[in-house]
Amino acid sequence: MKYSIFLVMILALADSSIYAQKVFTRSGQISFYSDAPLEKIQAHNHKATCVLDLSSGKMEWAVLIKAFSFEKALMQEHFNENYMESTKYPKATFVGNIVDYQKIDLSKDGFTETKVVGDLTIKGTTRPVESQAVLETKNGKLTGKSTLVIAVADYGIEIPKLVRDNIAKEVKIEINADFEILNQ
Amino acid sequence: MKKILIIASFLIFLIAASISWHYYYKPVESTRNLNAESRAEAIAIVNDFSNDEQKANDQYLNKVIVVSGDIVEIEQSSGHATLFLDGGDLLKRVACEMESGEHLDDVSIGDRVFVKGICTGFLMDVVFTRCILEKE
């Protein structure tokens with residue numbers, strides 16, 4: 001009788017230590033795609049950071065605008081200097097929550113589909129956003145994927161008439177993360 | 001006379017069009033061809049960003065810098081190699097995202113290296129992109 005209580009306590013502690021974990025990444029991948037009549041543009045960033053608290057679902061992302069790489073030099077220049085003013089606003093951030101964080105179990109292999117809700121800040125403007133994410137646990141590791149569509153005008157990004165057919169009004173953002181466990 | 005004018009203006013148009021086309025499609029230049037604006041130790045850069053991020057941004061952001069330091073980690077993922085240099089702090093380092101095609105076979109953890117790249121700012125690490133290895 002006493003032994004089984006002891007065992008339950010140990011198991012409860014072990015369980016809570018998995019759920020009390022924070023995971024993070026410094027090499028999150030964020031790509032965005034603009035599909036306009038005259039041109040398709042894409043840019044990639046492999047240095048996004050994210051911290052996710054599995055005990056509360058709270059998640060924070062940060063990405064450096066100047067670290068987005070484009071194929072064409074002119075595009076990268078225009079993106080930074082004209083559209084994003086990245087010297088003035090060097091980062092874009094997201095602060096929010098993974099809604100179904102309680103379904104994530106690092107001790108079991110599996111997939112969790114969940115809504116992600118939060119505030120996205122680009123070029124100094126903050127807007128609430130919502131997206132779907134798929135989180136996979138495999139061999140004790142967590143990876144996540146999500147897609148988000150935003151209207152560039154919502155963030156004060158103005159597209160001149162001249163290039164209206166070259167840059168889409170709505171841009172698709174793809175997020176990929178391979179998380180590591182934060183050892184505190 | 002008219003014929004010469006027509007041919008001349010057509011040629012000028014062709015030259016102008018090809019220059020614009022070339023400029024429009026020009027890929028991002030390799031850092032190998034860019035001159036470094038300054039040199040700094042990784043530890044000093046991390047210090048500067050930790051103490052006053054705004055001031056450090058003014059000093060380093062978007063500049064071509066040769067950063068020197070000891071390699072603490074080499075990461076290879078999805079075609080992108082990143083060298084992490086010791087920033088004097090367990091949690092903060094200088095992350096150098098290397099240009100694609102840059103060979104990292106000759107370097108290993110513990111080596112002191114010189115990396116020329118462009119500073120893009122500070123998150124958990126100070127991030128440099130478009131990096132290449134320099135001899136000094």
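Throughout, a chain's letter reflects where its sequence line sits, starting with A, and its residues are numbered from 1.
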task = With a 4.5 Å cut-off on heavy-atom pairs, point out which of B:Arg130, B:Lys26, B:Glu75, B:Met124 contacts chain A the most.
result =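 Looking at each option in turn, the highest pair count goes to B:Met124.
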request  = Considering only heavy atoms and a distance below 4.5 Å, find which of B:Ile118, B:Val127, B:Asn62 pairs most often with chain A.
outcome  =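 Highest number of pairs under 4.5 Å: B:Asn62.
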request  = Report the relative orientation of the aromatic rings in A:Phe70 and A:Phe79; use parallel for angles under 30°, tilted for 30 to 60°, perpendicular for over 60°.
outcome  =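 Tilted.
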Heavy-atom distances under 4.5 Å only: say whether [X] touches chain B with side chain, backbone, both or neither.
X	answer
A:Ser86	backbone
A:Gln76	side chain
A:Thr25	backbone
A:Phe24	side chain

Side-chain donor or acceptor of [X] paired with backbone N/O of [Y] under 3.5 Å:
X	Y	result
B:Asp58	B:Lys55	no
A:Arg127	A:Asp154	yes
B:Thr31	B:Lys116	no

What part of [X] lies closer than 4.5 angstrom to a heavy atom of chain A: side chain, backbone, both or neither?
X	result
B:Thr120	both
B:Thr82	side chain
B:Phe122	backbone
B:Gln54	neither

request  = Would you name the heavy atoms of A:Ala36 and A:Ala168 that are closest together and state the gap between them?
outcome  = CB-N, 3.7 Å
query = Do A:Thr114 and A:Lys103 pass the side chain to side chain donor-acceptor pair (under 3.5 Å) test, and can you show the C-alpha distance, the side-chain angles, and the key distance before you say yes or no?
reply = CA-CA 9 Å; A:Thr114 175; A:Lys103 291 189 187 160; over 6 Å; no
key: Top contributor to chain B interface from A:Asp178, A:Leu74, A:Leu64 [non-hydrogen pairs under 4.5 Å]   = A:Leu64
task = Starting from the C-alpha separation in whole Å, work towards a yes-or-no answer on side chain to side chain contact (heavy atoms under 4.5 Å, CB included) for A:Lys47 and B:Leu123.
result = CA-CA 9 Å; A:Lys47 288 278 163 292; B:Leu123 294 173; 5.6 Å; no
query = When you look at CD of A:Gln132, are more than 12 heavy atoms from neighbouring residues, nucleotides or ligands closer to it than 6.0 Å?
reply = yes
